[in-house]
Every structure is written in structure tokens, then in C-alpha cells.
Amino acid sequence: MLSVPPHLRRLLETAHARDRERAWKEFIEDHSRLVLHAVWSVAKDHDDAMDAYAYVLEQLRADDFARLRTYVADGRSKFTTWLVVVARRLALDHVRRVYGRVRDVQTDSARAEQLVRRRLRDLSGDDIELGTIAATSSDADEMIRIAELHASLDMAIETLAPADRLLLALRFDDGLSAQQIARILHFTTPFHVYHRIDAVTATLRRILGARGIESAVP
Amino acid sequence: MGQSHATVAVAERSVSLESHLSAEDLAALIDGGVAAEQRGRVDAHLAACAVCRAELTAGWHIVDSAPRTRSTWSPWPIAGIAAAAIVVLVALPTLRGVARHRADDITLRAAGAAATAVRVIAPGDGSTVSPDSLRFVWRRDDGASYRLFVADSAGAPVWALSTNDTTARLPDSVRIISGTRYFWYVDALRSDGTSISSAPRHLSIRRR
């Protein structure tokens with residue numbers, strides 16, 4: 001099991017202010033590049049990155065290093081990985097405080113519709129242009145059919161194991177490549193990702209077929 | 001879900017942490033340290049939460065491309081590294097044998113028990129074959145139809161065939177490249193709706 005890094009332990013356990021300052025400087029020297037790297041993932045430009053970086057360090061230090069004291073060396077991850085997650089979250093908080101949270105409801109709605117249509121096309125195995133899969137229709141019967149397709153697909157996906165639902169979400173909702181998915185989910189090779197997706201989509205086609213759904217076209 | 005050790009962090013975030021994965025869970029996901037018994041919970045949340053998926057993807061990318069820290073601290077003492085290396089070297093032939101055993105898709109037939117994997121006969125896993133003599137052969141699973149899938153080393157599909165036969169040859173229209181590695185597997189769809197598959201196998205095309 002991994003233990004708390006010595007430099008972190010020194011920082012958190014030392015009683016003297018001067019020693020604590022020295023330990024904090026050492027901590028920054030050790031991890032500043034990593035924190036900056038995390039900050040750059042959300043910053044818009046150099047000035048933003050520097051502001052966010054300063055904010056992250058300020059927050060890590062706040063309340064006698066309260067955030068750093070929450071790290072638990074439970075062996076599930078390295079301290080540096082945990083620090084990346086925390087630093088990125090803090091940087092994102094900073095950016096949101098400065099720029100606000102931007103939401104385009106219309107874009108979200110249109111994107112959700114696009115994702116469902118894409119899913120239907122991919123899962124049906126048909127070589128159909130997305131544009132031929134109706135998103136909406138003035139025909140009432142067709143609208144009902146579209147809604148049924150969506151509902152059937154959702155129900156079929158819900159029968160899958162969580163790992164397979166996650167795989168479909170990363171591939172079809174988030175548009176990640178098999179290579180990215182392989183690395184994020186620790187598959188051996190991208191080919192194993194394709195293999196699993198192939199098996200899962202075949203299962204979904206069987207489920208949908210059993211419900212009389214053979215095509216993505218209403 | 002979203003267990004947090006830090007009330008400080010929870011209080012100051014604009015988004016409720018109770019509805020998202022904790023930093024600890026995300027870090028464990030990135031490092032592959034999520035325990036098996038927790039995997040279902042975590043995967044179920046990720047499958048439904050685009051925010052956490054985006055955070056996982058971003059976090060993984062940062063870690064993957066991160067500069068090495070200056071820290072000289074290593075979690076493993078040198079003796080431990082040496083001991084681990086010795087264990088791996090000793091175990092490697094056994095591990096390879098186990099892998100080959102599985103890759104050969106030995107049918108776990110007991111009295112009345114159905115095969116749990118498609119038994120592949122040719123080409124052998126890891127073999128180098130001439131493009132002219134490349135022929136896929138597998139054992140019949142009673143009443144099943146088959147789907148043969150061939151992909152390149154990046155996993156991009158090269159050819160797929162649905163057949164009731166247990167042999168297949170690449171058609172002339174499918175272009176395979178000499179000196180290149182390919183992966184392939186066979187799915188068998190049984191009459192009761194269930195399916196079994198061979199493990200992915202690889203082959204290389206002999207240079208002309």
C-alpha cells in the first residue's frame with residue numbers, strides 16, 4: 001500500500017513555522033509543474049493560467065493545508081494523480097468565478113438529440129446518414145415512432161452491465177476514440193475496445209430486434 | 001457516491017459533490033485502483049454522468065501528458081523493485097503458458113456442459129502467414145451462425161463476415177498489407193440467442 005509522500009508528511013506534521021515554510025517551498029518546487037499542467041487544461045490564456053495557479057496554491061495552503069490533509073494514502077491512486085484532480089477542480093472553480101458558468105441550452109438540447117440519433121445509427125448497424133434519421137417530424141405517427149425508438153434504446157441500454165453502459169457512453173456520447181477509451185478504462189489494446197463494443201452493440205441489436213426494431217429509420 | 005473527506009472542499013464547491021464522484025474515486029479511476037467491489041457503483045455513475053466522464057477524461061489526459069515531478073521520492077524501495085523483477089522473470093513462462101492456454105480457447109466441456117468460447121483452429125495465434133494461403137478455420141458450435149471480424153493493429157475494422165460455415169478466406173477485394181499485424185476473432189450466435197466468442201488473436205502477413 002502506498003504511504004503519504006515524505007515531503008507531504010513533513011509539510012503537514014511539522015510544528016515550526018519556519019520549517020513549515022521550507023516544507024511548503026519544497027512542495028511547490030516538487031509539484032508546481034504538475035499543478036500548472038493541470039491549470040492549463042482549463043485556463044483560457046497565460047494570464048488566466050497564472051491567476052488560476054495562484055488561486056490553486058492559495059486554496060491548497062488555506063486553513064493550515066486543510067485540502068492536502070484530506071489526502072488518504074489508501075493505495076488506490078498516487079498522490080500526484082489526486083493532486084491533479086484537486087488542482088483541476090480548483091482551477092475550474094476559479095475560472096467559473098471569474099467568467100461565470102456558460103450554458104447554451106439550445107446547444108445542449110441539439111447535442112442530446114444528435115447523440116441519440118448517432119446512437120441509433122451505430123447500434124442498428126445500418127449505413128444511414130444521420131440526416132435521414134428523423135429528429136422531429138410534422139407527422140404525428142412518425143413522432144410517436146421516434147419517441148418509441150428512443151425509449152426502446154434507453155431501455156435496452158439499461159439492461160447492460162454498468163461497465164458496458166460506460167463503454168457506450170464514452171464511445172457514442174462523448175465521441176472518444178477506441179485508443180482513448182482503452183487507456184482510460186485500462187483495456188489491453190484499442191482492439192479489445194472494438195471487440196467489446198461490437199459484442200455489446202450486437203446484444204443491443206438482438207434486444208431491439210426482439211422488440212420488433214430492426215432499423216434506426218422510424 | 002461522492003464521499004468526501006473534506007467539508008472544506010464540499011462547502012466551497014459550486015457544484016454539490018454528493019452528486020458527483022469524489023476526487024479520490026476519480027484519481028483511483030485514472031490510476032486503475034478502483035476495487036472490484038466498487039467498480040459497479042463507479043461505472044454506473046460514470047455511464048449516467050457526463051460531467052464526471054469529462055472530468056475523468058481530462059484528468060487522465062493531464063496525468064498522461066504531465067511532466068515528471070521533481071520529487072526524488074519513490075514509492076518502491078530499490079530492493080522491492082529487484083524482488084518484483086525476479087518474480088516477474090520467474091513467473092513469465094508460466095503466465096505465457098496460461099495466456100496461450102486461454103488463447104487456444106480450450107473448450108471447457110464436461111458432461112452436458114456447452115462450450116464457453118469459440119474454438120479456433122487456424123491460423124495459430126501470433127503466426128505469420130502468406131496472404132495467398134490465409135484461411136480462417138474454427139470449430140463448429142452446433143446450430144450456431146458465425147461472425148468473423150478482422151481488424152488492423154489499431155482496431156480499425158478491415159473485414160467482417162457473417163456465415164454459417166466454419167471456414168473463411170479474405171476476398172480479393174480486401175486489401176491486406178505485407179509485413180502488417182492484424183487481429184481477428186469469431187463470434188458464434190446460438191439458436192437460443194446466446195453468443196460466445198473466441199479471444200482476440202493476432203497474425204502477421206508475410207512479406208512478399
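Residue numbering restarts at 1 for every chain, and letters A, B, ... go by the order of the sequence lines. All values derive from a computational prediction rather than experimental measurement.
Arg88(A) and Ile62(B) get closest at one heavy-atom pair: CD-CD1, 3.6 Å. Annotation for Ala169(A) and Ala47(B): closest pair CB-O, 3.9 Å, computed over non-hydrogen atoms. Contact between Arg53(B) and Leu166(A) at its shortest, heavy atoms only, is CD-CD1, 3.8 Å. Across every non-hydrogen atom of Ala28(B) and Ser77(A), the tightest pair is N-CB, 3.7 Å. Closest non-hydrogen pair, Arg165(A) versus Ala44(B), comes out as NH2-CB, 3.7 Å. Here the closest non-hydrogen pair linking Arg89(A) and Leu21(B) is NH2-O, 2.6 Å.
Inter-residue side-chain proximity for Asp198(A) and Asp187(B) is flagged as met; some heavy-atom pair is nearer than 4.5 Å. Considering only heavy atoms from C-beta on, Glu55(B) comes within 4.5 Å of Val85(A) through its side chain. Proximity of Asp64(B) to Arg183(A): side-chain heavy atoms (C-beta onward) are separated by under 4.5 Å at one or more points.
Using a 4.5 Å cut-off between heavy atoms, Leu46(B) touches chain A through backbone and side chain atoms alike.
Within a 6.0 Å radius of CZ in Arg20(A), other residues, nucleotides and ligands contribute more than 12 heavy atoms. Within a 6.0 Å sphere centred on CE of Met155(A), other residues, nucleotides and ligands contribute 12 heavy atoms or fewer. When the shell of 6.0 Å around CZ of Arg97(A) is examined, it contains more than 12 heavy atoms from other residues, nucleotides or ligands.
The aromatic rings of Phe183(B) and Phe191(A) sit parallel to each other, their planes meeting at less than 30°, with 60° as the upper class boundary.
Atom CG of Leu29(B) is separated from atom CG of Leu185(A) by 8.5 Å, given to the nearest 0.5 angstrom. For the atom pair CD1 (Ile30(B)) and CH2 (Trp82(A)), the distance works out to 13.0 Å, reported to the nearest 0.5 Å. Distance check: Leu56(B) CG to Ile184(A) CD1 gives 5.5 Å after rounding to the nearest 0.5 Å. Here Trp184(B) contributes atom CH2 and His195(A) contributes atom NE2; the two are 11.5 Å apart, rounded to the nearest 0.5 Å.
When the candidates Val84(A), Leu83(A), Leu176(A), Thr203(A) are compared by the number of heavy-atom contacts under 4.5 Å with chain B, Val84(A) comes out ahead. For the set Val86(A), Ile181(A), Thr189(A), Leu170(A), the count of heavy-atom pairs under 4.5 angstrom toward chain B peaks at Leu170(A).
Partners of Arg69(A) by side chain to side chain donor-acceptor pair (under 3.5 Å), not counting sequence neighbours, listed by chain and number: Asp64(A). Here Lys25(A) pairs with nothing under the side chain to side chain contact (heavy atoms under 4.5 Å, CB included) rule; sequence neighbours left out.
Asp31(B) contributes a side-chain N or O that, together with a main-chain N or O of Lys78(A), makes up a donor-acceptor pair within less than 3.5 Å. Within the 3.5 Å criterion, the main-chain N or O of Gln180(A) finds no donor-acceptor partner in the side chain of His61(B).
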